[in-house]
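Notes for the one structure printed next.
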Amino acid sequence: MSSANNQKRHTFEEEFQRRLYDAEARPAPDLWARIDHDLTVQENKDYKKRVLFYRQLAAACFVLFAVTGALLAYYYNGSNQGGAQPGIAALPATKPAATPATVEEAMKAYATQQEEAAAMAYTYPEEATATRKAANATGTSQNTNGIAVESSTQSDAPQAGDYFNVAPGYSPYLGYTPMAGRSRGYVSGGFPGNTDGAASGGLFSPGNRYTQIITWESVTITFGNAPATFGQPNAAGRQSLAARPQSFAEMSEAQQASRQQAQQSAQTRTQLASQQPKAVEAETKANSRWSLNLAYVPTVFEQNIGLPDPLTMPQNSGNRFSLAAAGPSVNASKESFQNIAAARDEFKESTQPAYSFAVEAKAGFKLKEKLKLLTGIGYSESRSRSKSNFIVRQFWVKPRSNERYELSPTTFFVSSLNDGFSSDSVSVARTGDSFNTEYKYRHLTVPVGLQYEHDINKDWFVYAGAGVAANFLLESSVTTSNQEVQSVSYTADDTDSPFRNVQFSGNGSIGVGKRISPNLTLALGPEVRSYFSTLVADPDKAAAPQGKPYAIGMNMSLNYQLGNPRK
Amino acid sequence: MKLFTKPKSEEDKLIEGCVAGKRDMQRMLYDLYSRKMMAVCMRYAPTSFEAEDIMQEGFVKVFANIQNFKRDCPLEFWVRRIMINTALKQLRQKSLMTVSHETEEAGNIASTDVNLTGYSMDELLGMIQSLAPRYRMVFNLYAIEGYNHKEIGEMLGISEGTSKSQYSRARAILQGMLERQDKTYQEHVISQ
């Protein structure tokens, strides 16, 4: 900053610098208050930004869960549809007709199709009539505008200038009907059934004027008993088009052959339809994204609860504790005061994690190739233990007789979980023999998490997982090895329980996994679980300092992949 | 790997407390530097009210950015630099720093022996505050803070020559003020 080579500095500058560089001036007395206010405003802005961030985070989580739910719902629905209506999938898709660009193109395309259908209709007039009847009976193909189709084609054929509506299915005159919705057509000129040219087989022979304006989205050809498709043209029809029967005998044989072929085709289709559900089911199973996961996590648990500092003991209860803290002139209270400090130190030193564990059964759903969503249900048992030489003795005084009676001695830990000490007098006494105390919390857990897996080689992979869990307290207990000291146990229904009934936790885990079989994998890795709130429901009221508990353990999980094994 | 860790100084504790946003630590830092910084601000501002505004904004900046303090210089110097920058910014916002690209060279400034012993700090501050803003800036930065004209040019966005020119004018004005003060004083003494 300041240059060492300030050239041409004279006495003038040196003198001013000497006088003013380290000069001091008294700021206004309220200046700090103004700065303090500005800092508070700034902190509030930062707080608002953080709140906004957390809101956005919550919204993002909500969206994530909503999308995940939607994906799951979509997947379920997709699977159900595929299994429930296999026949639809089995049938070949109807070829959509290309939309004609011009009227001429439409007429040309229509004429080409009409030629083929008319030829087939001509070849088998009786069968076409039977088909029409059957179609009318089932209602699949209708001519709804009063045009009679039951009579002979000669008399029933539409005349020039007739408008008609056609429904999806077979039309005896058009041979093609739009599949989606009704289409309207206009016929002008002759049709095969009512012209001489048609009778002689010259459908589009010179002199037969034939135009039609029609719109459609998709057309299908129906012929005989079985619906034909564009992709599978009726062989008999083609054959008949190539070689027209010359006699009734030939016509009869051809018709019989056609019927047999149609029956065979129907049987084949029925077989295919019956096989389809199995095929779909097998395919669904083969591509399953689901897996089952069983996890066992032995942990060391830190409940993160201390004992109160004697100087910060509650002063409002008016009991001897308060007196002891306020004025150590009373010898008994002074002793209690010292015992509290000693008990606190002892608790801090002797408390250690005990064996804890969690088991979880989860269903996994593969969101992506390497990402899996896991959720299920679990059970956790968290323990901690300490050794103590001190007990809390509380006394009540009977109002009339002024007789003192003692409550059951308790551990200092239990007494300090609330702002109790509401008895008339309290003392912390040293016992002859030290005793063990065990703290146990049993939770029912509902975990939700994401797991990312990355292959190292064919048999091994690494994983990283994170998630949250809702923990429902089943039971909490503080048991002692000293018979004189009262053990306590609370269930979720106990209203006097100082512990939180529901709390949330977050967990993270990394580790390695091995594929034992194509469907079965075993994963192993450390896991950290941290609770978002204290074990005690109202930590502000508790005399003891409360922290958020956590557990560190080793996650061992078995994962069974449903459906197709990994290739 | 460090085998020995340097014990934390009071300044380190103060900085860490301010980084943690502890208000009592912030107050301690304010108490430590407020008098010196007030004098700095008064040299750059035309009035004490504006000096307080500069100082207020400066300290808020100090507390907001103290986590960026790299400890490569004394904390006081860093705080002082923030105050100066805040003063420059405020004067720039008030359009008092109209840049005039003067090409006039400063010329050789005569070496004058000045003895400021007889002047109180208020008198000296009053003289500096009476300078035009751009002269005041250049004079403060060159004569008192010790920057050279190149650095001042970069800070104020002017050329080095302009800085020299403005400084020579500021110096001439101040010398004139001092001479007038001396003359008045001598006349006063003679008349007595």
Side-chain angles (χ1 to χ4, degrees), chain A residues 1-55 57 304 306 309 311-312 530 532 534 539-540 545-548, chain B residues 21 23 26-27 30-31 34-43 48-49 51-53 55-60 62-64 73 77 80-81 106 108-117 119 121-122 124-125 128 139-151 164 167 171 174-175 178:
Chain A
M1 93 103 176
S2 78
S3 67
N5 56 349
N6 262 350
Q7 66 280 26
K8 295 180 182 175
R9 287 183 67 84
H10 304 295
T11 316
F12 182 84
E13 288 82 17
E14 297 296 336
E15 190 68 11
F16 266 97
Q17 191 176 41
R18 186 181 63 78
R19 290 294 307 275
L20 293 177
Y21 188 83
D22 286 324
E24 292 185 354
R26 186 187 292 274
D30 68 331
L31 189 56
W32 169 251
R34 284 152 58 187
I35 292 169
D36 187 31
H37 175 261
D38 282 359
L39 290 173
T40 307
V41 170
Q42 200 172 46
E43 283 167 1
N44 286 342
K45 279 182 187 171
D46 293 344
Y47 174 75
K48 281 180 183 174
K49 276 183 188 172
R50 280 204 300 274
V51 168
L52 185 66
F53 169 76
Y54 285 122
R55 278 184 185 171
L57 188 67
N304 225 343
D309 188 331
L311 295 173
T312 60
S530 178
F532 297 156
T534 58
D540 293 333
Q546 304 290 319
K548 293 171 185 172
Chain B
R23 196 52 55 85
Q26 291 173 340
R27 178 64 196 257
Y30 171 81
D31 289 341
S34 61
R35 286 170 169 266
K36 276 190 180 178
M37 295 310 130
M38 187 64 196
V40 171
C41 294
M42 284 185 73
R43 281 194 281 113
S48 58
F49 295 111
E52 283 175 0
D53 284 347
M55 191 160 145
Q56 182 180 342
E57 190 182 334
F59 265 107
V60 171
V62 165
F63 296 132
C73 63
F77 178 79
R80 180 187 286 260
R81 181 66 192 257
N108 291 326
I109 300 167
S111 175
T112 314
D113 287 336
V114 179
N115 188 358
L116 300 176
T117 311
Y119 295 91
M121 205 196 73
D122 286 344
L124 294 174
L125 277 175
I128 292 171
F139 179 80
N140 272 315
L141 292 171
Y142 182 81
I144 300 172
E145 310 296 349
Y147 292 96
N148 63 31
H149 287 297
K150 190 180 175 186
E151 290 167 336
K164 285 180 181 174
Y167 177 71
R171 191 172 189 260
L174 281 174
Q175 279 181 337
L178 289 170

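Both backbone and side-chain heavy atoms feed into the values below; hydrogens, waters and symmetry mates do not. Throughout, protein chains are lettered first and strands after them, A, B, ... in sequence-line order, and every chain is numbered starting at 1.
- Looking at residues two or more places apart in sequence or on another chain, you find a ring pair (Phe, Tyr, Trp, His ring centres under 6.0 Å) between B:Tyr30 and A:Trp32, B:Phe59.
- A distance of 6.0 Å separates CG of A:Leu20 from CZ of B:Arg43, quoted to the nearest 0.5 Å.
- When all heavy atoms are compared, the tightest approach of A:Ala25 to B:Met42 is CB-SD, 3.9 Å.
- Heavy atoms only, all atoms of each residue included: B:Glu52 and A:Pro27 are closest at OE2-C, 4.3 Å.
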Residue pair B:Phe63, A:Glu43: steps toward the side chain to side chain contact (heavy atoms under 4.5 Å, CB included) verdict: CA-CA 11 Å; B:Phe63 296 132; A:Glu43 283 167 1; over 6 Å; no
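- Closest approach of B:Met121 and A:Arg19 over heavy atoms only: N-NH2, 3.7 Å.
- Atom-to-atom distance recorded for B:Gln56:CD and A:Asp36:CG is 10.5 Å, nearest 0.5 angstrom.
- To the nearest 0.5 Å, atoms CZ (A:Phe16) and CG (B:Leu174) are separated by 5.0 Å.
- Here the side chain of B:Arg171 pairs no donor or acceptor atom with the backbone of A:Phe12 at under 3.5 angstrom.
- When heavy atoms are compared at a cutoff of 4.5 Å, B:Arg23 approaches chain A by way of both its backbone and its side chain.
- With a 4.5 Å cut-off on non-hydrogen atoms, A:Gln42 touches chain B through its side chain but not through its backbone.
- For chain A, the nearby part of B:Phe139 is the side chain; its heavy atoms alone come within less than 4.5 Å.
- With a 4.5 Å cut-off on side-chain heavy atoms, B:Val60 and A:His37 do not count as touching.
- When each of B:Gln26, B:Arg27, B:Met37 is scored by its heavy-atom pairs under 4.5 Å with chain A, the top score falls to B:Arg27.
- Proximity of A:Glu13 to B:Tyr167: side-chain heavy atoms (C-beta onward) are separated by under 4.5 Å at one or more points.
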